[in-house]
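Chain naming here is simple, since letters A, B, ... match the order of the sequence lines and numbering starts at 1 in each. From a predicted model like this one, the values you see are computed outputs, not experimental measurements.
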Amino acid sequence: MRLPRIPTIVRIAALAMLLVLCSNLALLAFIHMRTHNDRLTPLRQQMVADARALSYVYSSGGEPKLTAAVHDMLSVDGNRMAIGIFDRQWAPQAGNLVLPVDLPADRPGAFLITTIHLKDGQQGEGALIISDLGRRGWLVSGRLFGEQITLQRAIERSLALSLFLSVLFGIVCALILTHFVRRRVAQIGLAVDRFGHGDLALRAPVEGSGDVFDRLAVRINAMLDRIVTLMTELRMLTDSLAHDLRSPVARLRARIEHVMAAGVNADSEAALDGILSEADALMRILTTVLEIGRYEALSSRDQFNWIDAGELLDELADLYGPLIDEAGMSLTVTRNGPLLPIFGHRQLLAQALSNLIDNAITYGGAGGAIALFAEPNEDGQCIGVADRGPGIAPELIGHALSRFGRLDEARQPTGAGLGLTLVQAIAHLHNGKLELGDARPGLRAALRMPMSSGPMRPARLPPARDPKSADLAMDGAAGR
Amino acid sequence: MAWKILIVEDDIEAASYMVQGLRQEGHVVDVAHDGREGLFHASSGLFDAIILDRMMPGMEGLSVLRALRAAGTTTPVLILSALATVDERIMGLEVGADDYLVKPFAFGELVARISALMRRQRENIGTIDTRIVVGDLEIDCLKRTVQRRNQPIDLQPREYKLLEFLARNAGRVVTRTMLIERVWDYHFDPGTNVVDVHISRLRRKIDAGFEIPLLSTVRGAGYRLSAGA
């Protein structure tokens, strides 16, 4: 049977607690060993010897000898010794001991530690032994503890208290330790998370102490640096690729235009026109591939702004409405429920939706209806396009989303099968995803956008911009 | 009307192609083959428009543009770049370009865009016309009403915007991408010919029933609104 895996943080806490407890216990045990027994044992032997001697005196010399012996012993060591002679009914006969209340009268020979009261008013902790004197009565003899033994007893009591405290401190210590560990790990984790969300300038904090967390942070930072380098290189590579591919095509285009301007016959002109549009199509594919790469790399988030999903759909409906109308289809815009502002890239979201609308017209046109929809869901909102066409079989959805993934060569005369991949990349740029589902009947393509967390969410959106002066509208000021 | 244009472009063949074309149209053209030289010439403020490449030796196009704008030069700048993604275009406009054209381009598109830049530049200096007349078509830009031969024409808001943009550039070719950018504020290529449908609807409203059509399609380039179309 496998034990359940214990979280590392719990293991660290338990270990810390155990260490504190062990070191304290070792100390306590040492103190206990050093202080306990080494004084009490000789004292006990001494007391037993005293009691035997007195009993012997009594048995050999009778009561007068005993009383004399007690008197002698007390005069020699009166401050420390406690001796009492009692009759069978425990009435005091001689000696300096006041009968202790808690004396176990029925246990002759018992050794007990208790508070001893002497007749001169002195009192203190000490040990007593009861000896049976037979018919005459009882002999109770003992000694008051000296300072050292009193101290030892106090220490032993303190040891019990410190045992309790050390458990308590062990727990506190474990909590503090785990807090520190958790905090440092969380700092590093937060940096990595935010990097993952596109904040490429962020690094894990290094406190300079050179500890294991610092070393971990340094290593992670080295890895993040490497990722940034690779991304920059990739970007330079694709930019150069774009440049190096575009420039010859631009020259090609220029030459064709030049030839056409010089005047050619109708057949040649049609052919050259065809070449021009092929060149343009080639460039469109190249641009789309580069855009997919860029948005998957979470570039251009600095151009994000607060946008209204409903407005976005209305604008697209305005652009595509006549085209869909002319094609004999109907277009509707539906808002299901209250919509939150989206912190995103208006141009790219519009581009994504425009691709979805294009797809709906091309493949779902037979259904006769296209719907743009926006609706809130549990973790944000969905915006998308639904048609009433044949849809996509669930097992083909993965293929439809893959780069250059065409479902059916015959159905798609133009385009390289990059449209949905681009839409998906734009969704990823917004921390969202593209979901293809069944519109019963038809295809339902939705951009599932999580709750936006941008700088200063506006209570409401600023008024719509005038497109005529909107060239520079991505200035990041909207929403403030 | 002749313009004085500066082309900053490191690709010698592309530059000479543009120079040739623009000179044929009667404009005065200067060329700089790298960023620093381009910035030096552009700073003189003697040009009506600057065509600026982005990836060049010496100094990157956007850096040239930033330096120009920081120095207070307001000459209209059209960026002509192989960097074609939507976010690059937006970045170019944010830095202070007045227009962004992607390579490879049709020469007609370049001319149409520079022409529109020149028109906007004039509007920026003078006052914007509140009444535009193209042939017998009259547009009241304040009331947003249109009439032809004194017959009012009822237009949807977007149709009005489209017509106003065409009218402000009357006599000049306006391309589909220019319309997408200026009328709808989208900087991506919608692919399908969405604009064509809008134009044909507008044409039905303003030209149907009149013997002289004002709105014409320029094959392979775009559209033109003019009195003698």
Inspect the contact between [Y] and [X] and indicate whether a charged nitrogen and a carboxylate oxygen are less than 4.0 angstrom apart.
| X | Y | result |
| --- | --- | --- |
| B:Asp98 | B:Arg69 | yes |
| B:Glu109 | A:Arg253 | no |
| B:Arg201 | A:Asp325 | yes |

| query | side-chain hydrogen bond (donor to acceptor under 3.5 Å, both in side chains) with A:His345: which of A:Gln303, A:Gln351, A:His430? | reply |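 Among A:Gln303, A:Gln351, A:His430, the one that satisfies the side-chain hydrogen bond (donor to acceptor under 3.5 Å, both in side chains) with A:His345 is A:Gln303.
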Among [options], who wins on heavy-atom pairs under 4.5 Å with chain B?
| options | answer |
| --- | --- |
| A:Ile357, A:Leu276, A:Asp318 | A:Asp318 |
| A:His258, A:Arg255, A:Glu326, A:Arg294 | A:Arg294 |
| A:Ala254, A:Pro248, A:Ala281, A:Ala261 | A:Ala254 |

Check each atom of [X] against the heavy atoms of chain B and say whether the ones under 4.5 Å are side chain, backbone, both or neither.
| X | value |
| --- | --- |
| A:Ile426 | neither |
| A:Thr287 | both |
| A:Asp273 | side chain |

Proximity breakdown for [X] and chain A, heavy-atom pairs closer than 4.5 Å:
| X | result |
| --- | --- |
| B:Met18 | neither |
| B:Gln156 | neither |
| B:Tyr17 | side chain |
| B:Val195 | neither |

| query | Hey, does the side chain of B:Thr175 reach the backbone of B:Gly222 with a donor-acceptor pair shorter than 3.5 angstrom? | reply | no
| task | Measure from the side-chain N and O atoms of B:Ser81 to the backbone N and O of B:Leu83, and report whether any donor-acceptor pair falls under 3.5 Å. | result | yes
| field | Winner by heavy-atom pair count (cut-off under 4.5 Å) against chain A, out of B:Asp11, B:Asp99, B:Val102, B:Asp196 | value |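 Looking at each option in turn, the highest pair count goes to B:Asp11.
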| task | Please step through side chain to side chain donor-acceptor pair (under 3.5 Å) for the pair B:Glu164 and B:Tyr160, ending with a clear verdict. | result | CA-CA 6 Å; B:Glu164 188 187 322; B:Tyr160 172 81; 3.1 Å; yes
| request: May I ask you to check whether over 12 heavy atoms, not counting those of A:Asn265, lie within 6.0 Å of atom CG? | output: yes
